[in-house]
Enquirer: 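Take a look at this one; I'll ask things after.
Proteins get letters first, then strands, A, B, ... in listed order; numbering begins at 1 in each.
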Number of protein chains: 4
Amino acid sequence: MSPPKRRGRPPNQLAQARILKAAHDILTEDGFGRLTVEAVAARSGVGKPTIYRHWANASELAMAALMSGDPGIFAGGGTSLRSALAGQMRSLIQAFATTRGRQIAMTLAAADPESEFTKAFRNQVILSSREAGRALLLEAAARGEITLQHDLEVLLDMIYGPVFYRLLVGHRSLDTGFADGIVAIALEAVAARADR
Amino acid sequence: MSPPKRRGRPPNQLAQARILKAAHDILTEDGFGRLTVEAVAARSGVGKPTIYRHWANASELAMAALMSGDPGIFAGGGTSLRSALAGQMRSLIQAFATTRGRQIAMTLAAADPESEFTKAFRNQVILSSREAGRALLLEAAARGEITLQHDLEVLLDMIYGPVFYRLLVGHRSLDTGFADGIVAIALEAVAARADR
Amino acid sequence: MSPPKRRGRPPNQLAQARILKAAHDILTEDGFGRLTVEAVAARSGVGKPTIYRHWANASELAMAALMSGDPGIFAGGGTSLRSALAGQMRSLIQAFATTRGRQIAMTLAAADPESEFTKAFRNQVILSSREAGRALLLEAAARGEITLQHDLEVLLDMIYGPVFYRLLVGHRSLDTGFADGIVAIALEAVAARADR
Amino acid sequence: MSPPKRRGRPPNQLAQARILKAAHDILTEDGFGRLTVEAVAARSGVGKPTIYRHWANASELAMAALMSGDPGIFAGGGTSLRSALAGQMRSLIQAFATTRGRQIAMTLAAADPESEFTKAFRNQVILSSREAGRALLLEAAARGEITLQHDLEVLLDMIYGPVFYRLLVGHRSLDTGFADGIVAIALEAVAARADR
DNA sequence: CACTAATCGAGACGGTACGTCTAGTCTTTAA
DNA sequence: TTAAAGACTAGACGTACCGTCTCGATTAGTG
């Protein structure tokens with residue numbers, strides 16, 4: 001395909017990078033509440049309309065900033081389902097047991113749940129781990145290691161939901177023992193007899 | 001002890017009721033984003049300082065409004081653990097599968113997590129169901145119906161966390177089947193052989 | 001006990017004295033702009049309704065405070081009209097060439113010009129010197145020292161008006177030379193030949 | 001001179017005009033006490049920050065409104081000093097013997113006396129007449145009509161001070177006779193023998 | 001090479017809401 | 001009985017951002 005070759009001055013890629021950098025810095029230094037379009041414009045040296053040309057509001061900008069430095073799906077390397085799942089859960093919890101974890105929750109709560117941008121954010125930041133877990137379970141079932149006798153969607157929510165529950169509610173800490181505890185209970189539900 | 005008998009004019013209980021009423025109405029009609037102190041003052045016919053005398057900001061006011069009409073702990077009537085827990089989960093999900101549920105999640109995410117007010121809100125609105133579930137499980141264990149072989153805190157988070165997970169992330173709906181699915185999987189973890 | 005702790009109904013005078021003391025202190029320490037009923041109530045330990053029972057607003061309170069510590073009419077001792085008038089003008093200017101002078105001007109400008117309280121304030125604080133000057137001039141005319149060939153009211157305004165003019169406008173300073181200059185010019189208008 | 005050519009969106013001249021118009025209308029209709037930034041914003045259809053971008057507070061806004069419709073210096077046409085000065089004084093008194101006169105006094109009293117804005121207001125609204133009078137006197141002295149034997153600054157204050165004195169204190173009315181009386185007495189001080 | 005279209009920075013605009021302060025009124029309790 | 005303490009309705013204060021809009025400057029293509 002031929003590039004469209006638009007007439008005017010092309011968008012400045014550097015400007016977007018500076019915007020995301022500034023947004024990210026503000027998030028880590030001052031928190032979600034200080035992430036205003038005004039502050040990002042001032043810090044990045046970019047005009048406000050330039051920001052609004054790419055993101056509709058501060059929430060989308062926050063999501064973009066949180067996505068920009070995101071390693072993505074956490075692959076849990078391991079031979080058995082237990083070790084793979086436990087590895088993934090530990091990575092996940094380690095990644096979220098920081099200020100960034102709570103910022104993600106706040107951003108998600110503040111965002112318009114119907115927006116396309118929000119959906120992309122959910123899929124990449126929140127649900128990617130859940131999808132990776134689904135893959136692990138399906139592979140284990142395929143090689144006969146487990147039997148999926150219950151609703152898989154519910155099971156996935158019971159594995160990954162508690163992480164965000166503790167993040168949002170804050171009644172108990174996110175730590176390695178929590179990761180292992182979830183895996184242990186979850187495996188009960190897939191009749192992983194051989195693993196007991 | 002004699003009542004404290006404070007010196008000046010006592011707080012007007014009616015004013016507080018009107019404030020909470022107005023806040024509740026705005027929440028249900030316009031949503032969390034429209035719940036501003038200004039709007040509540042205008043709607044309730046109360047001065048802004050009167051609101052600030054009782055609540056530090058709009059978040060606390062939202063929490064107070066959400067708590068004010070709250071039925072509290074959801075008792076799950078039933079003879080067996082399964083029926084009791086399933087009853088409670090159905091009630092819980094029914095109560096949260098509305099606009100109010102998402103508002104609770106948004107409010108919690110926006111609130112200062114260290115504030116005393118936030119902690120009270122968490123205990124009354126979020127964790128009361130979890131505590132009720134803990135009671136159900138401990139009673140069932142006491143009468144020998146189940147064996148608590150795993151970490152009870154983790155198990156409770158796996159039962160109640162998924163509700164808020166779906167509420168916050170919105171990837172799947174909150175319905176009766178979800179309630180039953182959670183109970184079914186949770187009971188696997190307490191070795192409820194007799195119930196199978 | 002050093003503070004005389006009265007039993008029963010406290011004396012009315014004490015409360016008023018405390019109010020005026022507090023108002024005066026606020027005027028000298030923080031200026032006219034900070035003299036609010038709220039601040040006086042807080043500082044004097046008196047309830048706001050008690051203040052409103054005696055003064056209609058902060059302006060009246062300011063006037064009362066400014067009158068309370070007022071030495072009143074400035075008598076200009078001296079044998080001749082020139083020396084008597086010059087003595088009075090020097091005293092007047094010395095009394096007003098302070099922060100208090102400007103506060104009096106501000107208070108007068110802010111007050112309701114029709115109020116009875118304002119009229120009393122004008123008579124006691126502003127016009128008393130003018131009346132003293134009138135007496136000096138009439139006495140000098142009676143003993144043949146001068147001839148009042150022009151409108152006495154206008155002449156009096158030309159003697160005392162400039163003081164408040166400089167006070168309000170602030171374009172030049174209030175000093176001894178100013179007092180003497182006014183007297184010198186004023187005496188031209190009364191044909192004080194013998195004094196030239 | 002090259003115009004500076006500033007970068008951003010230029011200030012909306014129309015908005016400033018509307019602000020001053022609204023401020024002026026409020027001053028004449030409701031008085032100085034009702035001239036709040038809030039009311040001006042509501043009446044002019046302009047945002048509050050736009051007002052604060054140009055004026056620091058309601059006092060400055062009042063001064064700007066009073067200056068905006070100001071005819072400026074009152075030239076007293078006439079062949080002799082007496083007729084010229086009497087003409088100017090009559091114009092001056094006519095201009096100030098209205099509600100606007102008292103508003104000017106109140107505004108000046110309420111304003112920060114050190115502010116640059118206040119100084120400009122004083123020079124344009126209060127002292128311009130005094131400067132015009134100084135010019136008249138110096139011209140008359142130059143053509144030998146009078147002899148300036150006393151301090152000119154004091155004399156000017158004795159001519160223009162009484163106007164503001166009566167305005168502020170309100171003990172007597174501002175009228176034509178007052179203007180003439182001031183001129184008559186003032187001319188005594190400049191040895192205007194030929195004019196007697 | 002001039003023209004032209006698009007984007008950039010800057011920043012003022014009309015607004016909304018903030019949280020604070022003060023006004024003046026009203027209601028209890030204490031002296 | 002009166003004054004204190006203090007909560008009330010009311011509303012202006014000055015600030016922070018919002019999201020929109022107009023500018024002049026900059027930067028490519030296109031003609």
Side-chain angles (χ1 to χ4, degrees), chain A residues 4-12 14-15 34-42 44-53 56-58, chain B residues 4-16 33-42 44-54 56-58, chain C residues 5-12 14-15 34-42 44-53 56-58, chain D residues 4-16 18 33-42 44-54 56-58:
Chain A
K5 286 284 181 186
R6 301 176 56 191
R7 283 280 312 261
R9 174 179 177 171
N12 185 357
L14 182 59
R34 294 289 182 181
L35 185 71
T36 65
V37 173
E38 203 107 358
V40 171
S44 65
V46 151
K48 282 204 290 174
T50 304
I51 296 177
Y52 280 109
R53 210 166 286 130
N57 47 51
Chain B
K5 289 284 182 184
R6 298 177 55 190
R7 284 284 309 264
R9 174 177 176 172
N12 186 355
Q13 242 68 34
L14 182 59
Q16 299 193 35
R34 294 288 182 180
L35 185 71
T36 65
V37 172
E38 202 106 359
V40 171
S44 65
V46 150
K48 283 204 292 173
T50 301
I51 297 178
Y52 281 109
R53 227 189 306 278
H54 298 291
N57 47 51
Chain C
K5 203 170 187 179
R6 309 289 175 91
R7 293 205 154 270
R9 186 198 308 171
N12 206 339
L14 183 59
R34 294 288 183 182
L35 184 71
T36 64
V37 173
E38 200 106 0
V40 171
S44 65
V46 152
K48 282 203 289 174
T50 304
I51 297 177
Y52 280 109
R53 207 166 290 129
N57 47 51
Chain D
K5 288 285 179 186
R6 298 176 56 190
R7 282 289 303 267
R9 174 178 176 170
N12 185 356
Q13 241 68 33
L14 182 59
Q16 299 192 35
R18 276 192 293 164
R34 294 288 183 180
L35 185 72
T36 64
V37 173
E38 202 105 0
V40 171
S44 65
V46 149
K48 280 205 293 173
T50 300
I51 297 178
Y52 280 110
R53 214 168 282 129
H54 297 290
N57 47 51

Enquirer: Expressed in angstrom and rounded to an integer, what is the separation of A/Tyr52 atom OH from E/dG11 atom C1'?
Expert: 14 Å

Enquirer: Give B/Thr50 one of three labels, base, sugar-phosphate or nothing, depending on what nucleic acid heavy atoms sit under 4.0 Å from its own.
Expert: base

Enquirer: Judged by each residue's nearest nucleotide on DNA chain E, which is more toward the 5′ side, C/Val37 or A/Ser44?
Expert: A/Ser44

Enquirer: Report which part of the nucleic acid D/Arg34 touches: base, sugar-phosphate, or nothing (heavy-atom distance under 4.0 Å, all strands).
Expert: nothing

Enquirer: In this structure, how many angstroms lie between the P atom of F/dT20 and the CG atom of A/Asn57, rounded?
Expert: 10 Å

Enquirer: Roughly how many Å is it from CZ in D/Arg18 to P in E/dA12, rounded to a whole number?
Expert: 17 Å

Enquirer: Which pair of heavy atoms, one from C/Ala15 and one from C/Val46, lies closest together, and at what distance?
Expert: O-CG2, 4.2 Å

Enquirer: Round to the nearest Å and state the distance from D/Ile51 atom CD1 to E/dC13 atom C1'.
Expert: 13 Å

Enquirer: For a quick check, tell me whether the side chain of A/Lys48 and the base of F/dG19 share a donor-acceptor pair closer than 3.5 Å.
Expert: yes

Enquirer: Mind calculating the distance between CZ (D/Arg53) and C1' (E/dC13) to the nearest angstrom?
Expert: 7 Å

Enquirer: How close or far is atom P of E/dT22 from atom CG of C/Leu35, stated in whole angstroms?
Expert: 11 Å

Enquirer: With sugar-phosphate meaning primed atoms plus P, OP1 and OP2, does A/Ala41 contact a base, only sugar-phosphate, or nothing at under 4.0 Å between heavy atoms?
Expert: nothing

Enquirer: Starting from C1' on F/dA7, measure out to CD on B/Gln13 and report it in whole angstrom.
Expert: 12 Å

Enquirer: Taking the minimum atom-to-atom distance to the side chain of D/Pro11, which one of F/dT9, E/dC13, E/dC18 wins?
Expert: E/dC13

Enquirer: Which pairs, protein N/O on one side and nucleotides 2-5 of chain E N/O on the other, fall under 3.5 Å?
Expert:
none

Enquirer: Which residues pass the side-chain contact (heavy atoms from CB on, under 4.5 Å) test with C/Thr36, not counting sequence neighbours?
Expert: C/Glu38, C/Ala39

Enquirer: Could you check D/Val46 against A/Asn12 and say which one's nearest nucleotide on DNA chain E is further toward the 5' end?
Expert: A/Asn12

Enquirer: Closest nucleotide of DNA chain F for B/Gly47 versus for D/Pro49: which of these residues is on the 5' side?
Expert: B/Gly47

